Amino acid sequence: MNSKICLCDKKADILERAIYSEICSHDGLKAKDICKNISADRKTINQYLYKAPLMRELCYRDDDYKWHGLVRQNRPHIGLGDFCGYYSSVGEFLELEEEEWFKTMLSGCKNIGRNLNDTRGLFHSFRDCRNVMVQLFEDLESVFQPDWEIAFELRINRARYIRIYADVLVLTEDKAFSLEFKMKDKAMPEEVRQAAKYTEYLEVILGSEYDVIPCLVLTKADDLYRYEPLGVGDALIPVCSGNMLFNLFDEYIGFLKE
């Protein structure tokens, strides 16, 4: 995919991304400190700080004139949980019983303004996602790290510039698996595109050290793992059933041995 991100038809250029990453990799930086590590003059840096979408929507300046990112680009990703229905380490997630997790999930969704209208089975879909993820980590028991991060119902919706959504996000040391869940057994082209829609946005938010892997997970399918075209050029993304999600992680992390 293109390495640039489109924010409402405005390209986040290399300098904008570099400034944003510099801010989000530290715990408070003044403009002069940013200039030391970014190849640009002070005037240009200030223009980006006060006008560029990434800084306007996902950063803030404190009373000491230091800039902070709402989501840090270090592990764990401090601030990410403020935009999720549920966020924790994988180890903490697995320690929760289903009802305790569900209660926490609903509370988190209310906090981020997520519509909890259950007329179309939303709550069942939440539980469905959780059950698939629990099974995944049982399959990965010998290889996953408890400090991997997991987020359910990621919703970063800042004014008119920033839109980032993910049903489930799993962050390893250097990979981000962005999982779009559908309680179906067949993939529609628009659902495949939806699964990949926010990939480039996540690449910016998480930083250059992360590879973002989108996937459409069909929880009513069985033993399914294949790649589907996005309809743009020859780009493909994985589509799998819940019981084959293990294969996605193996393909990109490579823990199975011949």
Side-chain angles (χ1 to χ4, degrees), residues 1 84-91 93-94 98 101 105 120-146 148-155 164-203 205-206 210-258:
M1 289 189 176
C84 301
Y86 177 87
Y87 165 83
S88 74
S89 69
V90 169
F93 164 66
L94 293 175
E98 180 173 349
W101 172 86
M105 174 77 162
R120 299 180 65 184
L122 179 65
F123 294 172
H124 178 57
S125 71
F126 285 172
R127 293 180 187 273
D128 197 38
C129 288
R130 176 197 173 274
N131 292 339
V132 169
M133 298 311 297
V134 169
Q135 182 60 57
L136 170 68
F137 294 121
E138 289 179 357
D139 292 340
L140 297 176
E141 182 179 7
S142 63
V143 294
F144 85 84
Q145 299 299 313
W148 287 2
E149 299 161 80
I150 185 167
F152 289 82
E153 291 296 305
L154 172 65
R155 295 288 186 271
I164 306 172
Y165 301 112
D167 287 342
V168 178
L169 187 67
V170 177
L171 304 177
T172 70
E173 293 84 355
D174 58 0
K175 302 286 191 301
F177 294 89
S178 177
L179 310 177
E180 176 74 19
F181 279 78
K182 298 294 181 184
M183 291 191 294
K184 297 182 176 182
D185 60 2
K186 294 182 181 179
M188 301 297 290
E190 61 270 20
E191 293 169 345
V192 174
R193 292 192 295 270
Q194 181 183 356
K197 183 176 181 179
Y198 301 103
T199 301
E200 293 175 283
Y201 294 71
L202 286 167
E203 289 173 351
I205 297 301
L206 298 173
Y210 271 86
D211 292 326
V212 179
I213 300 104
C215 180
L216 177 62
V217 183
L218 304 175
T219 62
K220 297 299 183 183
D222 187 54
D223 293 335
L224 170 68
Y225 186 72
R226 65 170 182 258
Y227 278 75
E228 292 283 351
L230 279 174
V232 179
D234 53 0
L236 303 169
I237 73 161
V239 176
C240 70
S241 55
N243 64 346
M244 295 291 280
L245 192 51
F246 173 94
N247 295 65
L248 176 72
F249 280 66
D250 175 52
E251 179 172 352
Y252 285 92
I253 298 177
F255 43 76
L256 288 180
K257 304 295 183 182
E258 295 291 340

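Fair warning: this is a prediction, and the values are worked out from it, not measured in the lab.
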4.5 Å side-chain heavy-atom contact, Asp174 and Asp211
no
Separation between NE2 (His124) and CE (Met183), nearest 0.5 Å, reads 4.5 Å
With side chain to side chain contact (heavy atoms under 4.5 Å, CB included) as the test, would you mind laying out the steps for Thr172 and Phe177 before giving the verdict?
CA-CA 8 Å; Thr172 70; Phe177 294 89; 4.1 Å; yes
How about Gln194 and Glu180: does a side-chain donor come under 3.5 Å of a side-chain acceptor?
yes
For a side chain to side chain contact (heavy atoms under 4.5 Å, CB included) check, start with the C-alpha distance between Val170 and Lys175, then their side-chain angles and the critical distance, and finish with the verdict.
CA-CA 8 Å; Val170 177; Lys175 302 286 191 301; over 6 Å; no
Can you tell if the side chain of Phe144 reaches within under 4.5 Å of the side chain of Leu94, non-hydrogen atoms only?
yes
Identify the two heavy atoms, one from Val168 and one from Cys129, that lie closest to each other, and give their separation to 0.1 Å.
CG2-CB, 4.3 Å
Spacing of Met244 atom CE and Asp250 atom CG [to the nearest 0.5 Å]
10.5 Å
Which heavy atom of Pro214 sits nearest a heavy atom of Ala196, and at what distance?
CB-CA, 4.0 Å
Taking all non-hydrogen atoms of both residues into account, name the closest pair between Ser89 and Pro146 and its distance.
CB-O, 3.4 Å
Can you tell me how far OH of Tyr87 sits from CG of Leu154, rounded to the nearest 0.5 angstrom?
11.0 Å
Side-chain heavy-atom pair Met133, Leu245 within 4.5 angstrom cut-off
yes
Hey, what's the ring geometry for Tyr165 with Tyr198, parallel, tilted or perpendicular (30° and 60° as the breaks)?
perpendicular
Pro229 versus Asp234: any side-chain heavy-atom pair under 4.5 Å?
no
Find out whether Val217 and Cys240 are in side-chain contact, i.e. whether some heavy atom of one side chain is under 4.5 Å from a heavy atom of the other.
yes
Just how far is it from atom OH of Tyr201 to atom CD1 of Ile164, taken to the nearest 0.5 Å?
8.0 Å
What one should report as the nearest heavy-atom pair of Val132 and Gly242 is CG1-CA, 3.9 Å
Do you see a donor-acceptor pair shorter than 3.5 Å between the side chains of Asn131 and Gln135?
no
Atom CG in Asp128, atom CG in Leu122: separation rounded to 0.5 Å?
11.5 Å
Look only at the side chain of Asp139 and the backbone of Phe246, and say whether a donor-acceptor pair between them is shorter than 3.5 Å.
no
Would a distance-only check, ignoring hydrogens and angles, find a side-chain to backbone donor-acceptor pair under 3.5 Å from Ser241 to Asp223?
yes
Output, in order, the C-alpha distance, side-chain angles, deciding distance and verdict of side chain to side chain contact (heavy atoms under 4.5 Å, CB included) for Lys184 and Glu191.
CA-CA 11 Å; Lys184 297 182 176 182; Glu191 293 169 345; 2.3 Å; yes
Go through the steps for Thr199 and Leu202 under the test side chain to side chain contact (heavy atoms under 4.5 Å, CB included), then give the verdict.
CA-CA 5 Å; Thr199 301; Leu202 286 167; 5.9 Å; no
Could you check whether Phe152 and Phe93 have their ring centres less than 6.0 Å apart?
yes
CD1 of Ile213 to CD1 of Ile253: how many Å apart, nearest 0.5 Å?
7.5 Å
If you define the side chain from C-beta out and look only at heavy atoms, does anything of Arg193 sit under 4.5 Å from Glu190?
yes
Heavy-atom pair of closest approach, residues Glu228 and Val239
CG-CG2, 3.5 Å
Is Leu140 close to Phe249 at the side-chain level, that is, under 4.5 Å between some pair of heavy atoms?
yes
Return the minimal non-hydrogen interatomic distance between Tyr225 and Asn247, and the atom names on each side.
OH-O, 4.0 Å
